[in-house]
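By convention in this document, chain letters (A, B, ...) are assigned in the order of the sequence lines, proteins followed by strands, and residues within each chain are numbered from 1. Predicted, not measured: the structure shown is a model, and the values here were computed from it.
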Amino acid sequence: MSLAKRYRPDERELALQAWWEEVGVYDFDADGSGEMVAIDTPPPTVSGQLHLGHVYSYSQTDFMARFWRMNGHNVFYPMGFDDNGLPTDRLVERTAGVTAKATGTRAYIDLCLEAGATAAEQYRALFRRLGLSIDGRYTYRTIEPQSQRISQWSFIDLYRRGLVYRQQAPAIWCPTCHTAIAQADVDDLERDSTLYTVAFTLEDGTRLPIATTRPELLPACVAVFVHPEDTHHAHLAGEQAAVPLYGQQVPILLDLAVDREKGTGAVMCCTFGDSADVAWWRTHDLPLIEAIDREGRMREPSGQFAGLGVREARTAIVGALGEAGLLLQQSPVTQTVRVHERCDTPVEFMVSEQWFVRVLDDKEAFVEAGEQIAWYPPHMKARYRQWVENLAWDWCISRQRAFGVPFPVWYCEACGAALLPAEAQLPVDPRFEAAPGPCAQCGAERFRPEEDVMDTWFTSSMSPQIAGRFFTRPELYERVFPYAVRPQAHEIIRTWAFYTIVKSHYHFRTLPWQDVAISGWGIAAEGAGKISKSRGGGPMSPEELMARYSADAARYWAASTSLGKDAVIDERKIAAGHRLATKLWNVARFSERFLEGYTPPATAPAGLSLADRWLLSRLQRLIGRATERFLAYDHAMAKSETEQLFWLVADNYLEMAKQRLYEGGPDGEAARFALYHALHTFVHLLAPIMPYVTEAIYQDLWSPGVSLHRGPWPEAEASLVDEEAERGGEILLEIATAVRRYKSEASLSLGSELGQLHLCVKDAALRELLDGGRADLASVTRARSIAIAAVPAPDMQPVLTAYGINVAVALPQEQVQDRG
RNA sequence: GGGCGCUUAGCUCAGCUGGUCAGAGCGCUUCGUUUACACCGAAGAGGUCGGGGGUUCGAGUCCCUCAGCGCCCACCA
């Protein structure tokens with residue numbers, strides 16, 4: 001077996017990937033006895049194309065998986081595709097240009113299933129190409145029957161425990177997606193708006209100015225609030241005010257939540273303009289006037305403006321107010337509005353009947369759960385805690401959409417009671433299946449199905465159960481749950497991480513995982529932001545990038561930034577990864593002729609040079625350090641330190657050992673020993689990050705047919721640590737650099753010989769230490785002779801004074817004459 | 001308004017528990033091709049580590065403060 005002159009990642013990576021799968025390198029051993037590491041892999045959402053942000057975060061998970069696997073752990077690394085629910089539903093609407101209403105629910109579901117399957121194949125292909133060491137036998141889709149079964153079981157279990165409820169209440173509503181959504185699905189969007197001051201009329205006919213950004217809600221105005229200590233307004237409490245344009249009389253009420261400094265100090269309460277309105281509506285028991293319908297159009301209370309969209313209605317009402325002389329003032333304001341994160345549409349609050357999971361009652365338990373989980377990096381825990389502490393709504397889990405996991409619920413036509421199926425019947429789709437009646441309450445036999453589907457997070461929060469085959473492989477599930485780690489991005493701490501913790505707490509009274517590893521985002525260089533939200537999937541597609549540089553190079557980039565930090569997509573960094581792979585290959589090629597058929601002795605041979613001892617010592621410390629860093633999820637530091645020593649070795653040690661290696665003999669044996677350990681160590685330590693080129697070298701040089709990625713991981717050999725040699729080695733490096741500087745300044749080639757290299761070393765112990773580096777220095781400097789003495793050399797060119805050493809060189813006699 | 005993070009060479013960033021940390025890659029300048037590598041090598045130039053104050057024998061490294069940037073959360077009349 002020999003190494004090709006050139007490493008061709010484009011060919012080699014594909015072949016290795018196929019081979020790894022063929023021999024099952026990534027196979028989890030369901031019956032194995034080794035220490036378990038189960039990874040609760042994030043199932044990517046089917047909502048578009050994969051981008052470099054996925055490459056970034058998924059690579060970081062794979063570094064851990066490969067590290068643990070090489071360390072002999074039994075790694076459960078499944079993959080899922082989150083293809084149920086709103087994201088897929090919206091994708092189909094956008095790409096196919098159809099709606100469920102137009103095609104019919106059944107046909108629409110089929111379109112969504114197809115879109116999910118297509119995306120899953122694309123994602124799978126990219127993940128393979130990237131070299132994620134996923135065990136393909138444990139792949140799932142969140143829409144598949146087993147996922148639905150687990151999700152519906154979760155619902156039924158929560159229902160029995162009284163932890164879900166159905167309520168007619170104001171819920172956060174997306175007019176574009178036409179569904180209720182959860183608090184977690186809402187983002188902030190800053191935008192320019194106008195603050196209108198309009199004139200309400202008091203009973204005595206005087207005007208009460210009130211500022212609003214939403215005049216279209218005047219028909220839904222149900223009260224005016226003032227602060228009890230507001231000297232200008234508090235006396236009005238108990239009076240009625242007439243709403244401009246519409247004329248309905250509303251009470252003037254007191255509430256401490258009013259900000260006297262804002263607007264005019266008096267504020268109108270509509271059903272509903274924002275969450276404060278909802279709160280006031282509840283606490284003051286106000287009437288409900290629904291002015292906006294579910295598509296975001298004005299309803300009949302709006303009078304002549306009924307049928308207009310919210311924005312058109314606002315313009316029209318402002319016009320009418322102006323004509324009526326009721327518009328006192330308008331001024332531009334910057335306003336932050338709440339929008340649906342999936343479509344950026346400003347949300348409304350709609351009274352509708354929705355299913356909720358109780359979370360507000362158990363905030364403390366969820367905060368405590370967050371405390372018990374180890375977060376990487378640790379400050380991400382603060383985000384979780386802050387979110388939980390600020391929760392204001394129970395988790396709304398029903399969505400008025402066609403595609404998703406259906407609720408396993410029918411309602412009795414006669415008495416309205418909910419009928420749930422037995423667990424054995426799951427999964428069910430009440431929209432297409434008859435209820436397993438009769439009604440337990442009244443005995444009636446006519447039912448109406450629950451038409452809504454579940455929030456996609458309701459299912460993905462069961463990912464530990466779905467991946468672990470909760471129902472179909474209970475023995476497997478027992479082994480993997482709770483998981484060792486949940487890798488995920490930070491923007492879904494409030495959804496995926498939180499909801500998974502909620503489910504695990506309610507169903508199993510346990511934490512779902514020990515650790516949470518939070519990755520940052522891969523972000524585009526200009527106008528930093530999430531690349532999935534930029535057009536065209538970012539600056540370069542992952543496929544394009546890997547075709548140009550290799551998967552190893554892409555992973556190298558992903559390894560350059562530690563957990564939790566965003567990384568700018570930097571092609572230069574990816575190119576640097578490519579160069580590292582090439583260099584590694586060339587070092588291996590150089591080493592091949594010396595290491596072919598070589599089995600290193602168990603203990604170091606006699607006659608190690610100073611450079612050999614330096615190298616062996618540095619390698620032992622590197623092994624310890626890299627291992628420690630990987631254990632702390634710090635792949636960036638592990639990579640950086642390994643890479644640093646590697647380049648030092650490639651640029652310097654190899655030149656120092658070359659002469660001895662070529663000449664053979666006992667000195668050559670010593671160099672072989674050190675060289676073997678160096679290459680062996682680098683190939684192993686870099687394997688989690690650059691699995692392809694390291695495996696290629698391992699296969700070609702050492703163990704054809706046995707994968708590097710099954711380990712074992714190197715262990716540091718304490719007897720090789722040698723601090724004295726490390727200091728001496730540093731001096732050798734300095735001398736080598738000094739001599740190269742001399743040659744560079746003299747415009748000599750690096751290969752040109754020196755007549756003599758003279759070291760003047762006063763300290764006897766140091767002199768003896770450096771004596772062990774004669775061969776190393778001769779090799780790297782091409783000096784014909786080396787003098788190490790206590791006295792300076794006469795008539796020689798000084799090149800370095802440091803460490804109490806004076807280094808001088810002399811050219812060979814013939815060159816001196818030539819130059820003269 | 002609250003919380004968290006960031007501010008180190010022209011660019012992108014490393015610098016863990018304070019004392020060879022002032023670093024890497026890219027870019028730039030100059031030089032160099034016969035036994036791994038021109039998909040290359042070598043040498044060099046470049047920063048008072050955002051500002052100010054403090055702790056310490058000693059601070060990018062700890063504390064305070066100011067400024068700017070980013071993110072999360074709350075508010076949003």
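Residue contacts shown for A:Trp647 are limited to sugar-phosphate atoms, with no base heavy atom under 4.0 Å away. Contacts of A:His490 with the nucleic acid, taken as non-hydrogen atoms under 4.0 Å apart, are absent. The residue A:Asp566 sits apart from the nucleic acid: no heavy atom pair falls under 4.0 Å. When heavy atoms are screened at a 4.0 angstrom cut-off, A:Leu195 is found touching the sugar-phosphate backbone but no base atom. Among the protein residues, A:Ala276 comes within range of the sugar-phosphate backbone only, with heavy atoms under 4.0 Å from sugar or phosphate atoms but none that close to a base. The residue A:Ala257 sits close to a base: some heavy atom pair falls under 4.0 Å.
Glycosidic torsion of B:rG68 falls outside 90° of 0, placing the base in anti. Base orientation for B:rG46: syn, the chi torsion being within 90° of 0.
In this structure, B:rC40 and B:rG32 make a Watson-Crick or G-U wobble pair, each of the two defining distances being under 3.5 angstrom. Pairing for B:rA59 is absent, with no Watson-Crick or G-U wobble pair whose two atom distances lie under 3.5 Å. B:rA22 makes up no base pair with any nucleotide shown, lacking Watson-Crick or G-U wobble contacts both under 3.5 Å. Nucleotide B:rA45 has no partner under the Watson-Crick or G-U criteria, as no pair reaches both atom distances under 3.5 Å. Using the Watson-Crick or G-U wobble rule with both distances under 3.5 Å, B:rA67 pairs with B:rU7.
Taking the six-membered ring for Trp and thresholds of 30 and 60 degrees, A:Phe498 and A:Phe366 have ring planes more than 60 degrees apart, a perpendicular arrangement. Between A:Phe594 and A:Phe590, the ring-plane angle classifies as perpendicular under the 30° and 60° cut-offs. Between A:Phe630 and A:Phe67, the two ring planes are parallel [angle under 30°; tilted spans 30° to 60°].
Proximity note for A:Asp259 (side chain, C-beta onward) versus B:rA77, B:rA14, B:rC75: the nearest is B:rA77. In this structure, the nucleotide among B:rC72, B:rC76, B:rC40 sitting nearest to the side chain of A:Lys583 is B:rC40. Side chain of A:Ser749, nearest nucleotide from B:rG25, B:rU35, B:rU33: B:rU33. Of the listed nucleotides (B:rC75, B:rG25, B:rA77), B:rC75 has the atom at the smallest distance from the side chain of A:Thr336. Taking only side-chain atoms of A:Arg579, from C-beta outward, the nucleotide of B:rG5, B:rC26, B:rC76 with the closest atom is B:rC26.
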Go through it in stages, so that I can follow the logic: the residues are A:Gln60 and A:Tyr633, the test is side chain to side chain donor-acceptor pair (under 3.5 Å), and I'd like the CA-CA distance, side-chain angles, deciding distance and then a yes or no. CA-CA 9 Å; A:Gln60 295 187 344; A:Tyr633 296 98; over 6 Å; no
Checking side chain to side chain donor-acceptor pair (under 3.5 Å) for the pair A:Asp230/A:His233: CA distance, chi angles, key distance, verdict? CA-CA 5 Å; A:Asp230 182 345; A:His233 291 114; 2.8 Å; yes
For side-chain contact (heavy atoms from CB on, under 4.5 Å), just list the numbers for A:Val587 and A:Ile697, CA-CA rounded to whole Å, side-chain angles, deciding distance to a tenth of an Å, and then say yes or no. CA-CA 10 Å; A:Val587 168; A:Ile697 292 168; over 6 Å; no
Residue pair A:Trp280, A:Phe225: steps toward the ring pair (Phe, Tyr, Trp, His ring centres under 6.0 Å) verdict: CA-CA 9 Å; A:Trp280 279 329; A:Phe225 281 93; 4.3 Å; yes
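Taking the C1' atoms as reference points, B:rU8 lies 13 Å from B:rG46, given to the whole Å. Using P as the reference atom, B:rC66 and B:rG47 are 31 Å apart when rounded to the nearest Å. When the P atom is used for both B:rC16 and B:rU7, the distance is 11 Å, rounded to whole Å. Rounded to the nearest Å, the gap between the C1' atom of B:rA77 and that of B:rC4 is 30 Å. Distance check on atom C1': B:rA24 versus B:rU65 gives 33 Å, rounded to whole Å. Comparing the same atom, P, in B:rG27 and in B:rC11 gives a spacing of 15 Å after rounding to whole Å. Comparing B:rG41 with B:rU34, their C1' atoms are spaced 15 Å from each other, to the whole Å. Comparing B:rC28 with B:rU56, their C1' atoms are spaced 40 Å from each other, to the whole Å.
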Which atom pairs link the protein and nucleotides 15-23 of chain B when you take only N or O atoms and keep those under 3.5 Å?
unit_1	atom_1	unit_2	atom_2	d
B:rC16	O2	A:Arg625	NH1	2.7
B:rC16	O2	A:Arg625	NH2	2.9

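Residue A:Arg385 places none of its side-chain N or O atoms closer than 4.0 Å to OP1 or OP2 of B:rC73. The phosphate of B:rA77 (OP1 or OP2) has a side-chain N or O of A:Gln335 nearer than 4.0 angstrom. For B:rA43, the OP1/OP2 oxygens have a side-chain nitrogen or oxygen of A:Thr737 closer than 4.0 Å. Not one side-chain nitrogen or oxygen of A:Arg741 sits closer than 4.0 Å to the OP1 or OP2 atom of B:rA42. Between A:Arg572 and the phosphate of B:rC13, there is no side-chain N or O to OP1/OP2 separation shorter than 4.0 Å. One finds a side-chain N or O of A:Thr213 lying less than 4.0 angstrom from the OP1 or OP2 phosphate oxygen of B:rA77. OP1 or OP2 of B:rA43 has at least one side-chain nitrogen or oxygen of A:Arg740 nearer than 4.0 Å. Contact check, A:Gln183 against B:rA74: a side-chain N or O comes under 4.0 Å of OP1 or OP2.
Remark: A:Lys583 fails to qualify as a cation-pi partner of A:Phe646 under the 6.0 Å distance and 45° angle criteria applied to the six-membered ring.
Atom P of nucleotide B:rC26 and atom CG of A:Leu580 are separated by 12 Å, given to the nearest angstrom. Atom CG in A:Leu748 sits roughly 14 Å away from atom C1' in B:rU30 (whole-Å rounding). At whole-Å resolution of the value, CG in A:Leu648 and C1' in B:rA24 are 12 Å apart. Nucleotide B:rC39 holds its C1' atom 12 Å from the NZ atom of A:Lys5, rounded to whole Å. Regarding A:Glu190, its CD atom lies at a distance of 15 Å from the P atom of B:rA74, rounded to whole Å. B:rA42 atom P lies 15 Å from atom CD of A:Glu734, rounded to whole Å. Here the C1' atom of nucleotide B:rA42 and the CD atom of A:Glu745 are 11 Å apart, to the nearest Å. The interatomic distance linking A:Phe646 (CZ) with B:rA14 (P) rounds to 23 Å, in whole Å.
Residue whose closest nucleotide on RNA chain B sits further toward the 5' end, between A:Asn390 and A:Glu655: A:Glu655. For the pair A:Lys573 and A:Val587, nearest-nucleotide mapping onto RNA chain B gives the more 5' position to A:Lys573.
A side-chain contact (heavy atoms from CB on, under 4.5 Å) with A:Val267 is found for exactly one of A:Asp255, A:Val258, A:Val226, namely A:Val258.
Counting only heavy atoms from C-beta outward, the side chains of A:Leu195 and A:Gln330 never approach each other to under 4.5 Å. Put simply, the side chain of A:Phe349 does not reach to within 4.5 Å of the side chain of A:Trp281, judged on heavy atoms. By the 4.5 Å heavy-atom criterion applied to side chains, A:Leu217 and A:Thr212 are not counted as neighbours.
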